[in-house]
Amino acid sequence: MVGILQNASKIQMNCLKLLQRASGIGSVTLSSAIQRHTYSNQPSYQKIFDRNAKRLQKERAALSPDVELYDYLKEEIGYRLADRVFDIKREFQAAADLGCNRGFLSRHILAESVKHLTLCDISPTMLSQATGTPGLQIAKREIDEEQWDFAENSLDLVLSSLSLHWVNDLPGCFGRVIRSLKEDGVFIASMFGGDTLYELRSSLQLAELERKGGIAPHISPFTQIRDIGSLLNRAGFTMLTIDTDEIVIGYPTMFELMHDLKGMAENNAAFNRPVHLNRDTMLAASAIYKEMYGNDKGVPATFQIIYFVGWKPGPNQPTPLPRGSGEVSLKDLGTLIENSAKSKKSENK
């Protein structure tokens with residue numbers, strides 16, 4: 001173990017360059033795939049994630065007798081996302097939860113806000129475990145998020161909590177969502193952002209770079225916030241609200257973090273994921289993780305959450321004034337503020 005720590009100290013000299021390279025590998029891959037799809041006229045898209053593998057991972061997690069032990073992160077995000085639904089002072093008649101998992105969002109949605117909620121998920125076991133609040137009318141559909149087929153103009157609200165980051169065809173998914181929404185319908189969702197688990201990603205890649213002279217994608221790529229805004233705009237959503245939040249969770253070592261990710265069904269599902277990770281690399285990665293990010297209590301793991309709200313255009317929505325209709329130029333804004341301040345001072349005298 002001493003030798004491993006010494007090796008970790010040696011590679012810290014180059015760690016800034018390596019971290020930039022490591023953190024950019026997944027996001028650049030996904031971003032470039034999105035751009036190729038968005039700017040191309042062809043309907044094809046690059047398949048990054050193995051949807052069947054993800055379904056099996058979710059099934060195994062749901063069948064575990066201690067599955068509730070790993071709900072802490074998704075339960076918290078579901079609560080925060082439900083709070084954004086309450087901020088909209090409207091009663092939604094028909095809504096759908098896209099990728100509901102074990103009902104982390106539906107158990108916080110009140111009947112006063114949503115009358116009927118359809119839960120959708122690729123995992124039948126997770127879907128069977130999902131519940132709602134008293135008075136909320138619930139229906140369940142076993143369906144892949146990539147093959148969403150709700151009728152056009154049939155929903156007032158579409159929700160999704162920590163599920164869309166496993167979808168290959170995000171532009172197509174957003175297009176199906178806006179088609180299913182009625183005029184002035186709203187899409188509210190959360191997903192993991194590009195900085196999620198950067199500590200684990202960089203530690204594994206630094207360990208492999210030292211041991212094997214190369215790196216492998218052990219952490220799935222995540223979407224950047226700039227891509228979300230672009231894709232929502234291109235799908236036709238208006239009045240976008242996008243923000244990020246970071247949740248840092250402490251673990252004794254890297255191994256407890258990886259064990260919990262598996263319990264959450266958030267282990268890697270990319271097609272190019274390596275089949276095995278040998279013991280020597282794991283020990284080296286754990287030592288690097290502790291050396292670079294650890295503290296007296298253990299090691300932190302950062303989860304970046306992207307929240308976004310998009311509206312389908314409707315006749316009652318506020319619209320911008322026609323171009324050139326403004327009476328004051330922005331270049332005169334400083335002068336107007338200064339004159340206003342002077343007039344207030346004179347009035348006080």
With no hydrogens and no angle check, just 3.5 Å: does a side-chain donor-acceptor pair link Tyr293 and Ser203? no

Residues forming a side chain to side chain contact (heavy atoms under 4.5 Å, CB included) with Thr335, sequence neighbours excluded: Asn339

Donor-acceptor pairs are to be reported for all side-chain atoms of residues 301-308 against protein atoms at under 3.5 Å, with residues two or more places apart or in another chain.
residue	atom	partner	partner atom	Å
Thr302	OG1	Glu199	OE2	2.6
Gln304	OE1	Gly194	N	3.1
Gln304	OE1	Asp195	N	3.0

Which residues pass the side-chain hydrogen bond (donor to acceptor under 3.5 Å, both in side chains) test with Asp156, sequence neighbours left out? none

Single-linkage hydrophobic cluster Met239~Val85, side-chain heavy atoms < 4.5 angstrom: yes

Are Leu197 and Leu261 side-chain neighbours, meaning at least one heavy-atom pair lies under 4.5 Å? yes

Name all residues meeting the side chain to side chain contact (heavy atoms under 4.5 Å, CB included) criterion together with Lys262; count only those two or more places apart in sequence or in a different chain, and write none if there are none. Asn267

Can you check whether Thr253 reaches Lys290 side chain to side chain, under 4.5 Å on heavy atoms? no

Determine, step by step, whether Val299 and Leu257 satisfy the side-chain contact (heavy atoms from CB on, under 4.5 Å) criterion, reporting the C-alpha distance in whole Å, the side-chain angles of both residues, the deciding distance to 0.1 Å, and the verdict. CA-CA 9 Å; Val299 295; Leu257 166 60; 5.8 Å; no

Holding to side-chain hydrogen bond (donor to acceptor under 3.5 Å, both in side chains), I want the full list of residues that pass it with Asn233, two or more places apart in sequence or in another chain. none

Going by side-chain hydrogen bond (donor to acceptor under 3.5 Å, both in side chains), name the residues that satisfy it together with Lys312, two or more places apart in sequence or in a different chain. Asn153

Decide yes or no for Leu159 and Ile109: does some side-chain heavy atom of the first lie under 4.5 Å from some side-chain heavy atom of the second? yes

Identify, with sequence neighbours excluded, every residue that meets ring pair (Phe, Tyr, Trp, His ring centres under 6.0 Å) alongside Trp148. Phe150

Would a 4.5 Å heavy-atom cut-off, applied to side chains only, mark Cys100 and Leu105 as touching? no

For Ser123, all residues meeting side chain to side chain contact (heavy atoms under 4.5 Å, CB included), sequence neighbours excluded: Lys58, Glu59, Asp121, Thr125, Met126

Would you kindly confirm whether Leu119 and Ile122 end up in one hydrophobic cluster when ILVMFWY residues are joined by side chain heavy atoms under 4.5 Å apart? no

If a pair satisfies ring-ring contact (aromatic ring centres under 6.0 Å, His included) and one of its residues is in residues 239-275, list it, with sequence neighbours excluded. Tyr70-His259

Can you list everything that forms a side chain to side chain contact (heavy atoms under 4.5 Å, CB included) with Thr241? Sequence neighbours excluded, please. Val309

Leu240 and Val177: same hydrophobic cluster, using ILVMFWY side-chain contacts below 4.5 Å? yes

Under the side-chain hydrogen bond (donor to acceptor under 3.5 Å, both in side chains) test, which residues partner Arg141, sequence neighbours left out? Asp149

Pair listing, ring-ring contact (aromatic ring centres under 6.0 Å, His included) test, anchored in residues 84-123, at least two apart: Tyr79-His108

Do Val158 and Phe187 make a side-chain contact, defined as non-hydrogen atoms from C-beta onward lying under 4.5 Å apart? yes

Tell me whether Ile247 shares a hydrophobic cluster with Phe192, the cluster being built from Ile, Leu, Val, Met, Phe, Trp, Tyr side chains joined at under 4.5 Å. yes

Is the count of non-hydrogen atoms from other residues, nucleotides or ligands lying under 6.0 Å from Lys115 atom NZ greater than 12? no

Examine Val67 and Leu56 and state if one hydrophobic cluster contains both, with Ile, Leu, Val, Met, Phe, Trp and Tyr joined whenever side-chain heavy atoms are less than 4.5 Å apart. no

